[in-house]
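Notes for the one structure printed next.
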Amino acid sequence: EIQTYVERNVDSYSQIYRIVTRGGTVRWIEDRTSVVTDPETGTRYHQGIVIDIHRRKVAEDLLRKSEEKYRRIVETAGEGFLLMDEAWKIADVNAALRHMLELPHGDILGRSLYDLLPDDERPVVARQIEGRPTTSTYQELETTLMASGGRPVAVLIHASTLRDDTGAAIGNMAFITDMTESKKALSLAGEVQRSLLPQETPRISGLDIAGRNVPCDEVGGDYFDFLGYGDQTEDPF
């Protein structure tokens with residue numbers, strides 16, 4: 001490297017490398033060199049200072065390994081993952097979410113979370129997100145994301161606020177679960193439940209009888225039936 005700098009007539013340069021101390025330990029250093037020309041002889045001298053940066057390099061190495069570990073965890077996770085800034089603009093996305101939405105990496109990065117929602121869901125989700133307490137760090141919401149070709153995907157979003165050491169918000173992250181199959185199973189369960197309810201109301205002279213079951217979700221645990229007694233030949237049900 002030094003020879004290359006000499007051939008290029010570089011006046012100053014910096015190098016980072018390791019040295020071995022008298023005790024045999026290896027330490028990282030930064031060598032900042034300046035080239036000085038002797039005015040009488042024209043000889044060029046390389047002089048510089050050596051800075052011990054071992055602790056910094058060790059910390060950077062640990063951080064790099066931590067980031068690599070985070071990357072492996074996120075990329076191999078079965079759930080979709082989004083890393084977003086404070087305005088919910090997407091900064092990173094994992095393979096599971098790209099597969100879920102059938103969208104390439106570049107079609108997701110830089111967009112807002114709201115851009116992935118259908119038009120009618122955006123104000124609903126916005127009210128949920130913006131209406132939460134400022135001290136809240138976690139939120140769970142059920143919504144729909146739009147996949148490639150306009151295909152809707154029912155999802156459950158677990159969102160958390162990212163904060164720095166002082167507690168200030170610096171961004172948001174979210175794990176996203178595809179609820180499509182669960183929704184299909186619940187819908188089927190709802191159909192089964194409805195089939196167990198009376199299909200007709202009793203016909204009894206002088207009485208108006210009605211019943212209705214409206215579950216809170218796709219399916220509930222409540223049922224009703226009409227039970228008769230005595231001679232029912234006149235008004236069977």
Side-chain angles (χ1 to χ4, degrees), residues 74 76-82 84 88 90 93-103 108 111-161 172-237:
V74 168
T76 57
E79 288 187 311
F81 174 81
L82 285 177
M84 298 162 285
W88 299 86
I90 300 170
V93 58
N94 72 343
L97 188 62
R98 296 195 301 269
H99 176 73
M100 185 189 305
L101 302 181
E102 297 180 344
L103 292 173
I108 302 177
R111 300 174 66 184
S112 167
L113 172 65
Y114 300 121
D115 293 337
L116 301 178
L117 302 173
D119 293 341
D120 58 339
E121 288 279 350
R122 292 176 186 175
V124 177
V125 174
R127 283 195 298 270
Q128 289 181 278
I129 291 176
E130 296 168 7
R132 64 178 178 170
T134 55
T135 56
S136 175
T137 59
Y138 173 79
Q139 188 168 23
E140 179 180 301
L141 54 99
E142 195 171 320
T143 185
T144 302
L145 298 183
M146 300 306 295
S148 175
R151 176 176 59 87
V153 180
V155 296
L156 179 64
I157 300 178
H158 299 274
S160 297
T161 302
N172 301 279
M173 62 174 286
F175 282 97
I176 300 174
T177 305
D178 187 345
M179 299 290 290
T180 303
E181 295 303 320
S182 297
K183 286 290 186 181
K184 288 181 180 178
L186 287 173
S187 178
L188 178 59
E191 291 181 10
V192 172
Q193 180 182 21
R194 287 189 292 274
S195 71
L196 297 176
L197 295 172
Q199 304 302 305
E200 295 181 0
T201 58
R203 298 184 299 277
I204 301 178
S205 299
L207 296 178
D208 289 330
I209 301 175
R212 187 179 182 185
N213 179 289
V214 182
C216 178
D217 296 312
E218 289 84 349
V219 66
D222 297 322
Y223 296 84
F224 73 89
D225 200 357
F226 300 110
L227 303 177
Y229 67 94
D231 185 6
Q232 302 175 22
T233 56
E234 181 181 351
D235 299 291
F237 60 90

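This chain uses plain numbering: 1 for the first residue, then up along the sequence.
- Two residues are said to be in side-chain contact when any heavy atoms from C-beta on lie closer than 4.5 Å; Ile204 and Ile209 meet this criterion.
- A heavy-atom distance below 4.5 Å is found between the side chains of Tyr223 and Leu196.
- Between the CD atom in Glu121 and the CG atom in Leu116 there is a gap of 12.5 Å [rounded to 0.5 Å].
- Taking the side chain as every heavy atom from C-beta outward, Leu197 and Phe224 approach each other to under 4.5 Å.
- Looking at His158 and Gln139, their side chains never come closer than 4.5 Å, going by heavy atoms from C-beta outward.
- Proximity of Leu113 to Ile129: side-chain heavy atoms (C-beta onward) are separated by under 4.5 Å at one or more points.
- Annotation: side chain of Met173 is not in contact with side chain of Leu82 (no heavy-atom distance under 4.5 Å).
- Put simply, the residue from Asp115, Val125, Asn172 that forms a side-chain contact (heavy atoms from CB on, under 4.5 Å) with Trp88 is Asn172.
- Closest heavy-atom contact between Ala210 and Thr201: CA-CG2, 4.1 Å.
- In terms of heavy-atom proximity, Ala154 sits nearest to Asp178 at O-OD1, 3.5 Å.
- Summarising the geometry of Pro198 relative to Asp225, their closest heavy-atom pair is CG-OD1, 3.5 Å, with the distance given to 0.1 Å.
- Taking 4.5 Å as the limit, every side-chain heavy atom of Thr177 sits out of range of all side-chain heavy atoms of Val155.
- In plain terms, the two heavy atoms of Ala96 and Gly78 that are nearest each other are CB-O, 3.7 Å.
- Within 6.0 Å of CD on Gln199 lie more than 12 heavy atoms contributed by other residues, nucleotides or ligands.
- Gly211 and Phe226 make their closest contact through N-CZ, 4.2 Å (heavy atoms, listed as atom of the first residue, atom of the second, distance).
- Side-chain contact between Leu145 and Leu117: present, with at least one pair of heavy atoms (C-beta onward) separated by less than 4.5 Å.
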